[in-house]
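Some notes on the structure that comes next.
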Amino acid sequence: MLVSEIMLQQTQVDRVAPKYQEFLRRYPTIEALARAPVQEVKRVWYPLGYNIRPVRLHGIARETVERYGGRLPDDARTLQAMKGIGRYTAGAVLSFAFHRDAPILDTNVRRLLHRVFVGQGDPRSHRGTTALWALSEALLPRGKGYDFNQALMDFGALVCTARKPLCLLCPMRTFCHAYPWSGRDGSGTGGRVKAAPSGDRDALVPTSGAIRRTRRARGGRA
DNA sequence: ATCCGGTAGA
DNA sequence: TCTACCGGAT
């Protein structure tokens with residue numbers, strides 16, 4: 001039941017992983033989750049934050065059982081109509097649970113695409129968001145939504161990190177619009193991203209930083 | 001003490 | 001377009 005995974009995507013994996021296990025052990029099926037008391041679900045959820053999420057997740061489980069025969073809808077509109085599922089989560093469900101070619105855009109992917117293909121401006125402005133969603137969709141190789149999106153997220157989490165991106169390990173270094181020596185921002189800031197009002201500047205050079213968090217919690221199954 | 005983040009609702 | 005939500009990491 002990828003529903004759990006869905007909801008755990010705005011919290012760091014390190015923190016989610018153990019709870020994810022516990023959650024699936026306790027609610028092996030969407031039916032099990034649906035018939036559980038919402039209060040209990042909230043308790044099991046703790047101490048992951050945003051405690052409206054378990055309530056919504058429970059609601060999604062119930063709706064799925066009642067209206068869709070216990071099978072999560074594989075349609076973006078239907079998915080997004082459910083409280084707790086936004087555009088990103090819908091895309092994640094479609095690509096990761098149903099292996100469909102649906103675009104995703106979370107902060108990791110947003111940062112990655114913005115750096116490589118844009119390099120300036122605020123990735124979180126309305127314009128930026130629109131453009132980056134379009135990019136995410138345009139780049140998606142047909143038939144490879146699952147792998148491509150997975151790679152996008154892993155790369156953003158492991159290499160193109162927010163604080164100290166490992167540019168020296170990055171194969172896109174030579175044409176990345178945010179890479180200082182790519183000759184695109186000409187600012188010669190010596191190792192710093194040109195402008196990033198959103199605050200994702202900081203050293204661009206690898207600093208033996210730890211490679212920790214990824215979001216590998218998926219095992220697949222709908 | 002500050003920053004970070006999908007979604008919903010205002 | 002902006003904010004509340006909730007904990008952990010920095």
Side-chain angles (χ1 to χ4, degrees), chain A residues 2-23 38-39 41-64 72-73 75-97 102-115 121-133 136-137 149-150 152-158 160-166 193 196-203 206-218:
Chain A
L2 270 264
V3 194
S4 316
E5 189 237 324
I6 303 170
M7 299 316 294
L8 314 192
Q9 356 211 239
Q10 55 264 307
T11 308
Q12 297 84 335
V13 241
D14 300 357
R15 209 148 59 85
V16 165
K19 185 56 69 179
Y20 178 72
Q21 294 300 118
E22 181 187 342
F23 214 86
V38 66
Q39 194 54 36
V41 178
K42 285 178 71 174
R43 181 161 48 74
V44 174
W45 182 271
Y46 189 83
L48 300 177
Y50 296 101
N51 299 318
I52 187 63
R53 291 184 297 166
V55 177
R56 290 177 176 155
L57 174 57
H58 183 256
I60 291 168
R62 292 204 50 145
E63 185 176 351
T64 299
L72 219 43
D75 163 69
R77 294 308 173 300
T78 312
L79 248 15
Q80 285 189 62
M82 296 171 153
K83 299 298 184 196
I85 299 183
R87 191 174 179 184
Y88 162 72
T89 302
V93 169
L94 288 174
S95 60
F96 297 140
I104 55 169
L105 192 72
D106 70 343
T107 41
N108 283 327
V109 176
R110 179 193 301 273
R111 179 180 61 246
L112 167 58
L113 295 181
H114 180 261
R115 280 182 179 159
D122 183 1
R124 305 194 302 168
S125 65
H126 181 263
R127 266 188 75 81
T129 295
T130 304
L132 291 171
W133 267 109
S136 180
E137 181 165 26
N149 286 344
Q150 194 71 50
L152 229 38
M153 300 189 72
D154 284 350
F155 196 85
L158 292 172
C160 199
T161 54
R163 318 209 210 35
K164 298 177 186 298
L166 307 182
V193 181
S198 51
D200 65 2
R201 48 202 132 221
D202 235 341
T207 53
S208 77
I211 296 184
R212 291 233 186 88
R213 35 185 156 275
T214 329
R215 38 174 28 268
R216 275 286 187 195
R218 22 190 138 277

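Residue numbers start from 1 in every chain, and the chains themselves are labelled A, B, ... in the order their sequence lines are given, proteins ahead of strands.
- With rounding to whole Å, A/Leu132 atom CG is found 13 Å from B/dG6 atom P.
- In this structure, A/Arg127 places its CZ atom 17 Å from C1' of C/dT1, rounding to the nearest Å.
- Rounded to whole Å, atom P of B/dG5 lies 13 Å from atom CZ of A/Arg15.
- Remark: P of B/dC3 and CZ of A/Arg111 are 17 Å apart, rounded to the nearest angstrom.
- Distances shown here put a side-chain N or O of A/Thr107 below 4.0 Å from the OP1 or OP2 atom of B/dG6.
- For the residue pair A/Thr129 and A/Arg110, a side-chain donor N or O sits within less than 3.5 Å of a side-chain acceptor on the partner.
- For A/Lys83 (side chain) and A/Ile60 (main-chain N/O), no donor-acceptor pair under 3.5 Å exists by modelled atom type.
- Going from atom CD1 of A/Ile60 over to atom P of B/dG6 covers 16 Å, rounded to whole Å.
- The base of B/dG5 is paired with the side chain of A/Tyr50 by a donor and an acceptor separated by under 3.5 Å.
- Within the 4.0 Å cut-off from OP1 or OP2 of B/dG5, not a single side-chain nitrogen or oxygen of A/Asn108 is found.
- Following rounding to the nearest Å, A/Arg53 (CZ) and B/dG6 (P) show an atom-to-atom distance of 10 Å.
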Distances under 3.5 Å only, N/O to N/O: pair up the protein atoms with those of nucleotides 8-10 of chain B.
{"unit_1": "B/dA8", "atom_1": "OP1", "unit_2": "A/Met82", "atom_2": "O", "d": "3.3"}
{"unit_1": "B/dA8", "atom_1": "OP1", "unit_2": "A/Gly84", "atom_2": "N", "d": "2.4"}
{"unit_1": "B/dA8", "atom_1": "OP1", "unit_2": "A/Ile85", "atom_2": "N", "d": "3.3"}
{"unit_1": "B/dG9", "atom_1": "OP2", "unit_2": "A/Lys83", "atom_2": "NZ", "d": "3.1"}

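- Side chain of A/Thr130 to main chain of A/His126: a donor-acceptor pair is present (N/O by atom type, distance under 3.5 Å, no hydrogens or angles).
- Checking A/Asp75 against A/Thr78 by side-chain atom types alone, a donor-acceptor pair falls below 3.5 Å.
- We find the CG-CD1 distance between A/Leu152 and A/Ile104 to be 5.5 Å, quoted to the nearest 0.5 Å.
- Counting to the nearest Å, the P atom of C/dA4 and the CD1 atom of A/Ile52 are 16 Å from each other.
- With C/dG7, C/dT10, B/dG6 as the candidates, the nucleotide lying closest to the side chain of A/Arg163 is C/dT10.
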Under the side-chain contact (heavy atoms from CB on, under 4.5 Å) criterion, do A/Asp106 and A/Met153 qualify, and how do the steps go? CA-CA 8 Å; A/Asp106 70 343; A/Met153 300 189 72; 3.2 Å; yes
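- With hydrogens and angles disregarded, no donor-acceptor distance shorter than 3.5 Å links the side chain of A/Asn51 to the backbone of A/Lys42.
- To the nearest angstrom, C1' of B/dT7 lies 14 Å from CG of A/Leu57.
- Taking only side-chain atoms of A/His126, from C-beta outward, the nucleotide of C/dG7, C/dT1, B/dG6 with the closest atom is C/dT1.
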